[in-house]
Amino acid sequence: MYPWLQTTYNQLATRKQENKLHHALLLQGPSGIGKTEFVKQLATLLLCAKSVNGQSCGQCQSCLLQKAGNHPDNHEVMSEKQIGVDQIRDAIKKLSGSAQLSGAKVLIIHAAHSMTESSANALLKTLEEPTANTYLLLVTNKAERLLPTIISRCERIAMPVPTFAQTSAWLIKQWPEPVDEEFIHLYANSPLSLLNELQQEQSVPYADFKRGLEGLMTQQINPSKLANDWQTQVEKLLKWLQFWLHLQVKKSPQLSPQLWQLHQEAIQAVKRVRNPGVNKVLVLNQLLTDISLLKSH
Ligand SMILES: [Zn+2]
């Protein structure tokens with residue numbers, strides 16, 4: 001279990017042990033903090049026939065099936081785009097019979113906010129009157145998109161976001177090479193995204209990003225050259241720029257009015273490139289141009 005989720009996990013495990021766990025949980029929190037892994041481990045615990053001290057035993061038939069990914073009483077619904085009503089009806093049908101392994105039944109709904117309105121309505125009755133020994137685990141990073149009727153029938157569990165210290169400590173074990181502290185700050189609240197960024201073959205590593213900015217500020221590199229070099233990842237680099245400007249505001253109080261304005265511009269740029277049809281490189285180029293003018297005042 002990820003260290004920052006351990007306390008939440010223990011609390012749920014204790015309540016399960018005391019038979020005080022709500023049958024419908026809404027696990028909500030931003031992406032990149034480990035919700036998927038969390039809900040899988042929770043499901044394994046709920047299904048385990050011989051759990052000890054809030055831990056699944058890892059050895060019973062249920063745990064072994066779960067490990068192999070084919071437990072007959074563990075049902076999951078997910079979708080790339082929208083969770084359709086048929087997916088929900090299918091899942092509910094599977095829950096209606098008795099458990100194959102005579103234990104609990106679990107239904108996990110990943111990205112629950114992507115249920116259509118009719119999917120959500122199809123789920124309501126089951127949320128209200130679940131079949132015996134059934135747990136419904138809804139996971140979301142966009143709880144605000146869920147119907148209020150769904151939310152009100154679940155117990156909301158806010159998944160904690162790790163601190164910078166927790167992310168750094170965890171990262172050392174996952175990634176042996178030194179990582180720029182700024183880069184950790186950039187993704188501190190989303191450690192899985194951070195690791196993913198490091199593992200991916202980055203077309204623009206953070207060190208190159210900083211070098212590019214340095215060149216820009218000292219007029220060694222012109223903005224359009226940089227915008228062109230970074231054109232394949234404009235969205236990401238605009239977010240990096242937004243973050244970097246935020247850091248500079250804190251670091252250089254004497255420049256802060258200008259930096260603050262640039263930071264606002266970066267926030268707008270991040271939003272603007274989400275619209276289809278926008279020339280993203282042009283947006284990036286504009287921001288880089290404005291940054292390059294910073295020190296010539
Ligand atoms: Zn077990």
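Atoms within each ligand, like the ligands themselves, are counted from 1 in listed order. In this text, all values refer to a predicted model and were calculated from it rather than measured experimentally. Residue numbers count from 1 along this sequence.
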#### Entry: Heavy-atom closest pair, residues R153 and A24
O-CB, 3.8 Å
#### Entry: Side chain N285, main chain A227, donor-acceptor under 3.5 Å
no
### Message
Between K105 and G97 (side chain of the first, backbone of the second, donor and acceptor by atom type, cut-off under 3.5 Å), is there such a pair?
### Response
yes
### Message
Going by side-chain contact (heavy atoms from CB on, under 4.5 Å), Y135 matches just one of L25, L95, L21. Which one?
### Response
L21
### Query
Leaving waters out, which protein N, O or S atoms fall under 2.8 Å from the Zn ion (ligand 1)?
C48 SG, C57 SG, C60 SG, C63 SG
### Query
Does H113 have any side-chain hydrogen bond (donor to acceptor under 3.5 Å, both in side chains) partners at least two apart in sequence or in another chain, and if so, which?
T140
### Query
Going by distance alone, is a donor N or O of one side chain under 3.5 Å from an acceptor N or O of the other, for E182 and Y206?
yes
